[in-house]
Amino acid sequence: MATSAAGPVLIVGSGLIGRSWAMLFASGGFRVKLFDIEQQQITNALENIRKDMKLLEQSSSLKGSLSAEQQLFLITGCSNIQEAVEGAIHIQECVPEDLELKKKVFAQLDGIIGDDVVLSSSTSCLLPSQLFAGLVHVKQCIVAHPVNPPYYVPLVELVPHPETAPATVDRTHALMQKIGQSPVRVLREVDGFVLNRLQYAVISEAWRLVQEGIVSPSDLDLVVSHGLGLRYAFIGPLETMHLNAEGMLSYCDRYGESMKHVLKTFGPIPEFSGATVCESPR
Ligand code: NAI
């Protein structure tokens, strides 16, 4: 079974996110090599993954069509980076969110990879132009930002460097779909990518509403968990607009002015400090 498996995929950094990626790629039938500078991290990751997969299997929540044992067989630890990159079709970097560290890791990988592997970063907020500047293999570089916990939240934001080849984006998109994730193409890099920009817009207004004494923290959370969030778990804001009237044009016609009226009352960016910090939602 293992000889016919696709891959291998190399995970660089065996912490929280690296482990999740390893499980996802194995669930899609890919061989996975787990690399880390700390040997103990690899050992811990392999133990953790075994435990998690067994529990998931017991509760019928294991992803993919292979058994836990079959998936575990696909994942191996590797402490030599030169050996680790050999034959890899995709490298997913998962080292801590530190620009200098990530640049060092990418420079090292750039020197030892071939021309046909995708070099992908899990970064939450560093821009591709910062991460991949000057790399020989920049055309093969992309950000594939997962959402924690990636095993349960399928979204992956794909963010190219200006010099990333379109084929790299297409290939990564197809790979993410193959392992059951939901990739989206961010067409141009922007701070916060898409998910965090939306999230920060919501957090910002939530903060102001609590700070201004308009709603309590727990009621604010209810508005989302028992209201807006239920809607958005099924359809996005743009589809909601379309369905809330006779199409988008009709929605903008009907509600455009009142939306602008409300939006003009939004306050400045909160400081995220002071008394509001101490208000507990529970
Ligand atoms: P973590 O701290 O759990 O794991 C990082 C791993 O990288 C550790 O095992 C560490 O030993 C290893 N490492 C450090 N330097 C290394 C090197 N030079 N070569 C190889 N391995 C090295 O970090 P976590 O949470 O897994 O985050 C990894 C990346 O994923 C970060 O960029 C983070 O922003 C991103 N991310 C994190 C999310 C989260 O909620 N934790 C969500 C989405 C993305």
Worksheet item: Is Arg50 paired with Glu47 through a side-chain N to carboxylate O contact shorter than 4.0 Å?
Response: no
Worksheet item: Can a donor-acceptor pair be found between the side chains of Ser14 and Gln41 at a distance below 3.5 Å?
Response: no
Item to complete: Would you name the heavy atoms of Val186 and Pro160 that are closest together and state the gap between them?
Response: O-CD, 3.0 Å
Worksheet item: Using 4.0 Å as the upper bound for N to carboxylate O, is an ion pair formed by Glu246 and Arg254?
Response: yes
Fill in: Atom CG of Leu263: over 12 foreign heavy atoms under 6.0 Å
yes
Discussion item. Quick check on Lys139: does its NZ atom have over 12 non-hydrogen neighbours (other residues, nucleotides or ligands) under 6.0 Å away?
Written reply: no
Worksheet item: Among pairs that include at least one residue of residues 179-197, which meet salt bridge (Lys or Arg N to Asp or Glu O under 4.0 Å), considering only residues two or more places apart or in two chains?
Response: Asp170-Arg185
Item to complete: Determine, for Glu69 against Lys54, whether the closest basic-nitrogen to carboxylate-oxygen distance falls under 4.0 angstrom.
Response: yes
Worksheet item: Would one find more than 12 heavy atoms of other residues, nucleotides or ligands at under 6.0 Å from atom CD1 of Ile269?
Response: no
Practice prompt. Using distance alone, with no hydrogens and no angle criterion, decide if Gln199 and Asn196 have a side-chain donor and acceptor under 3.5 Å apart.
Written response: yes
Worksheet item: In terms of side-chain heavy atoms, does Ser122 have a donor or acceptor partner in Glu93 at a distance below 3.5 Å?
Response: no
Please report, to 0.1 Å, the donor-acceptor pairs under 3.5 Å made by any side chain of residues 104-116, with sequence neighbours excluded.
{"unit_1": "Asp110", "atom_1": "OD1", "unit_2": "Val136", "atom_2": "N", "d": "3.4"}
{"unit_1": "Asp110", "atom_1": "OD1", "unit_2": "His137", "atom_2": "N", "d": "2.9"}
{"unit_1": "Asp110", "atom_1": "OD1", "unit_2": "His137", "atom_2": "ND1", "d": "2.7"}
{"unit_1": "Asp110", "atom_1": "OD2", "unit_2": "Val136", "atom_2": "N", "d": "2.7"}
{"unit_1": "Asp115", "atom_1": "OD1", "unit_2": "His137", "atom_2": "NE2", "d": "3.2"}

Practice prompt. Show the numbers, then the answer: is there a side-chain hydrogen bond (donor to acceptor under 3.5 Å, both in side chains) between Ser59 and Ser61?
Written response: CA-CA 5 Å; Ser59 59; Ser61 312; 3.1 Å; yes
Item to complete: Count the heavy atoms of every other residue, nucleotide or ligand shown that sit under 6.0 Å from NE2 of His173, and state whether that count exceeds 12.
Response: yes
Discussion item. Would you say Glu97 and Thr123 are linked by a side-chain donor-acceptor pair, where the criterion is simply a distance under 3.5 Å?
Written reply: yes
Worksheet item: Looking at CG of Asn148 and CG of Leu16, how far apart are the two atoms once the value is rounded to the nearest 0.5 Å?
Response: 5.0 Å
